[in-house]
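Only heavy atoms go into these numbers, but all of them, side chains included; no hydrogens, no water, no symmetry mates. Chain naming here is simple, since letters A, B, ... match the order of the sequence lines and numbering starts at 1 in each. Quantities reported herein were computed from a predicted structural model and do not represent experimental measurements.
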Amino acid sequence: MLTSRLTNIRARIEEGRAALRRRTTGPPPLPERSPKSFKYLKPAELRGMKNLLFAARTIVEGYYAGRHRSRFKGSAPEFVDYRQYYPGDELRSIDWKAYARTDRHFVKLFEKETDLSATILLDASASMAFGGEVNRPALPDCGLTKLEYGCYLSAALAYVLIKQGDKAGLVLFDQQIRRYLPPGGTIRHLYNLLGALELCQPGGHTSTATALRKAIGLLKQRGVIIIVSDFLDDPDAIFNALRQYTHRGFEIAVFHLLHAQEVTLPDLHNANFIDSETGAEITCQPKDVAASYGALLEGFRQDIEARCRARNIAYTFMTTETPYQTVLGRFLASRGRE
Amino acid sequence: MGGITFVNPIMFLGLLAVTIPIAIHLLTRRTPVLITFPSLRFLQQAQANQSRLFRVRHYLLLLIRTLIVLLLIAAFLRPVLTRGTLAATTTPESGTAAIIILDTSLSMGYAGSGITPFARALAAAENTLNHLGAQAHANIIYAGAVPRAGADKPQPGRAPLRADLAQQQYGAARADMDAAIAMALEQFDALEGQHLELHFISDFQRSNWASVNFAVIPETVKTVFVSVADGSPDNRAITALTLRPANPALGERAEVTCSVANYGPQAQQVPVTLDLGDGLPQEQMLSIEPGMTATAGFPVQFTRSGIHEAVATLGSDGLREDDTRYLTCRVSERFPVVILTDAPAVARGAGHRFVAAALDPFGDGSAVFVPERIASDDFDRFVADRAHAVILTEAGPLGKATVQALLDYLRDGGSILYFVDSPADRNNLALLSGAEDGVQMPFTPGGYISAESGGYATLTSANYEEPLLRKFRDTSALADLHFFSYFETRREEAQGQVLLKYDNGSIALARTTLGLGSLLLANFSPGLEGSDIQKSTVFVPLVHEMIKALGLTGGAGRDFVAGYPCSTSVTLDQPDAQVRFTAPSGERVNAVLDMNGPTGSVIIGSTDATGFYRIFSGEKPVGAIAVNTDARESNLETLSPEQLESMTQRSRENFYARTGADAGELRTLREGVPLWHFFLAGALSFLAVEQGLAFLWRR
């Protein structure tokens, strides 16, 4: 009993120390572990991401002082504004010099840097299973599934976030929330997140809008939501659902992920396509419909992108052939410029 | 298969390859790859947009690719169009026997363009021999006046035929194509089980070929017509050279008429020269329109009796042989006239006595005409040869031999004055007209009106436009004549010419012709019982005019053409002298001399050249025969293949026509038209189309 209590105390002390370190120097580097340990985050790939930083574009709420601006005004050194004193405010926050000049009590407001809380919403529906072993017999060069690619990307994002002292959460969804990991900034949390990704299997129908509506109830803290999905759903419903997030001040980043052989139909003379979600079938000659299909798909992608731009949502399109490190680097670089 | 055969039929197995594109198409359609796909909504929309169009494209591409394979296979099959070629029915297994009938007639020697049709014909014959299969039997028949075969029968060996061919020359004669065809068919008859081919190599001169009887050629014999005609012949020729009267008397004014034809496309000024060998040639200039004939008349008067040789010449052109024409002019001091009668020589009032008296009024032999009375049965060709004219009066029933001799005499240009003056003449006229190729009588005798009836007829209608009666136009002497016995006549329409008519409408005098001869029918008797004409002053001149008139229209002498026998009569003063015969070149030739007393007939069986064939008794010339080209050979207008086909009335499978001696054309004719390159080009074209469409649609 005593031993267990000592252990808990030590853990709290250690956590407190870690929090102290994060406050000053950020999260510790990810320890070198065996590559077998985590499928979606390999040490060799981490080296390319050690200098990446995830910059918050909007004011976020955070419990810890960090590199991101917070809507909470406090005693941080950055003066922002004055406001009238109300009873209950700390007396030390009154600007006496202003009182001397105006004979009124004003309180100085300072912008407080805080931690970024980012939640990654990864589409784990059946449509994300395209590519990989399932399609290997027909498409030998299909590479990763979209879900696998999304896991890699999500893992990297989480790592970058946690590495810079922010918090990363994870929501795995198809037509409902299949798994939710609240944002966390510890290595343990990162490990949990990676474990959740590894255990993730493609599920049923996609209903991104439903998942988004359900997920917003889970997000207590305003921050960033990163959606990784193929968006093969009703765009109107998706963006209606996203409206709630924008109203609550969430910054939204969209990673529109399609498979390379989904964008460019495989070079087959004749194929029987089976819808991975509905089971519907269609037989056609990919060569024949490739051009028309490509135009339709590009139209769909442009529609998604236009809707995102209209809502000030960061939009990044990628295919599974694009190295996710590259995608991540470009995305973060673009945020840094903004 | 519509006249198409395949040289490489094993490639029909390649038709299996047609299944390849179809199989690929079907297999790719029916064994689709299963792909689990994220979303079908775009695919469904794309397919809805594109599927119908692409299905059409697919089927179009499938069709084009199948066509490509088919065309390639067809090209490798090496198809040959055999329609209209000898390959249509000839198979390699069956033997072929081919006979070439080579035209050696005069027209083949036209050299207007530098090379004669005959030279082209030799090359064509050589090509034909070369392109016959190794096992084929071949022969050449040279079609001249008398056809001659290069070998007794078609034989596999070509060397003797080629050697013989190289020695050939065209002749001066007209080709007897019917005889050549008959010879070829006779040789074919000895062959069995072979495909028979008859190749005609000629200029297909219209005047020579229009009358050829192709119907005798069996349908089993394929006929090939190879034209070697000159493209634009321009020929002029002397087509006739005649003397009028045909046998002038010494000192009599006569005229040599020369007919010149212009067979060229343009009008010509043609100088014509007549040379009688007297050192005074006469020349006239003729202007002749294209396709027309003009005549030049040369007045002559012979001062020496005997045979005169006249030669008419033109300016030389592409066919030299017909620019010269030869004529023998027999000038006599007196003309024997044979009177055929079966009445007793001493019978009083007999018509033959009055006729003889009319011919030689003074009875001292000083007249031009020398009457000779013989019985009708004694008339034969020897009598005919010496007779200037023949008069029949009071003849009894004519024997068959006499009738035939009279008809031959007429056909050869003889002149006969027939007094139809006895009931037996009805039967005689029937015999003369009823014989094969007999005389077309101007009237048919009806009832005989004899002197016993007591009446008489007078002449009421005369054709004074005729030279015979022209001298009697201004006298009424003819109308004063009385005729007591004569035949009522029935006119045979369009036959002969009526000169005099009785008051009862019966014909009194009429003229008709047979061959080159002329027959004058006098429907009255010169005897006392038949008429009073012998008492009239017009009798003697009328008889003389009748004899002359006969000579004007007939008796012009036979015009012998090269290639055929020629004949004449000669009188040999020295029976013991050696008689020899020479060709125009001076070389001796063989001839048949049939003597009957001092006169005899000469027949020269072979006349290869034009000119004068002469007869010598010792060193003295006693006769000459002019041999000329056949005037029909001078018109070089040719028959087109279409006209030939129409004329031959042969089925298309057995009629082939080509032009010239081109070896390639002959090969095509024998082997057919190769078509493989068309199919290959088609396949390549479709391949290009397929690639183009695939490229277009891929974009």
Subject >> Results of side-chain hydrogen bond (donor to acceptor under 3.5 Å, both in side chains) for Gln261(A) - residues two or more places apart only >> reply: none
Original post:
Got a sec, which residues hit side-chain hydrogen bond (donor to acceptor under 3.5 Å, both in side chains) with Asp174(A), two or more places apart in sequence or on another chain?
Top reply: none
**OP:** Measure the acute angle between the ring planes of Phe37(B) and Phe273(A), then classify it against the limits of 30° and 60° as parallel, tilted or perpendicular.
**Re:** perpendicular
Original post:
Has Phe239(A) got more than 12 heavy atoms of other residues, nucleotides or ligands less than 6.0 Å from its CZ?
Top reply: yes
Subject >> Minimum heavy-atom distance between Leu40(B) and Asp275(A), given as atom pair plus value >> reply: N-OD2, 3.2 Å
**OP:** Inspect the surroundings of CZ in Arg307(A) and state if more than 12 heavy atoms from other residues, nucleotides or ligands are less than 6.0 Å away.
**Re:** yes
Subject >> Atom of Leu232(A), atom of Pro38(B) and distance for their closest heavy-atom approach >> reply: CD1-CB, 3.5 Å
Original post:
Taking everything shown except Phe678(B) itself, do over 12 heavy atoms lie less than 6.0 Å from its CZ?
Top reply: no
**OP:** Check whether any side-chain heavy atom of Leu265(A) lies under 4.5 Å from a side-chain heavy atom of Phe42(B), and answer yes or no.
**Re:** no
Original post:
What is the minimum heavy-atom distance between Ala46(B) and Leu296(A), and which atoms define it?
Top reply: N-CD1, 3.5 Å
**OP:** Indicate the atoms forming the closest heavy-atom contact of Asp233(A) with Arg41(B), along with that distance.
**Re:** O-NH2, 3.4 Å
**OP:** Tell me, yes or no, whether the heavy-atom count around Phe76(B) atom CZ, taken from other residues, nucleotides or ligands under 6.0 Å, exceeds 12.
**Re:** no
Original post:
Under a 4.5 Å heavy-atom cutoff, which of Ala280(A), Gly279(A), Ser276(A), Gly299(A) has the most pairs with chain B?
Top reply: Ser276(A)
**OP:** Provide the closest heavy-atom pair for Pro266(A) versus Ile35(B) in the form atom of the first, atom of the second, distance.
**Re:** CG-CD1, 4.0 Å
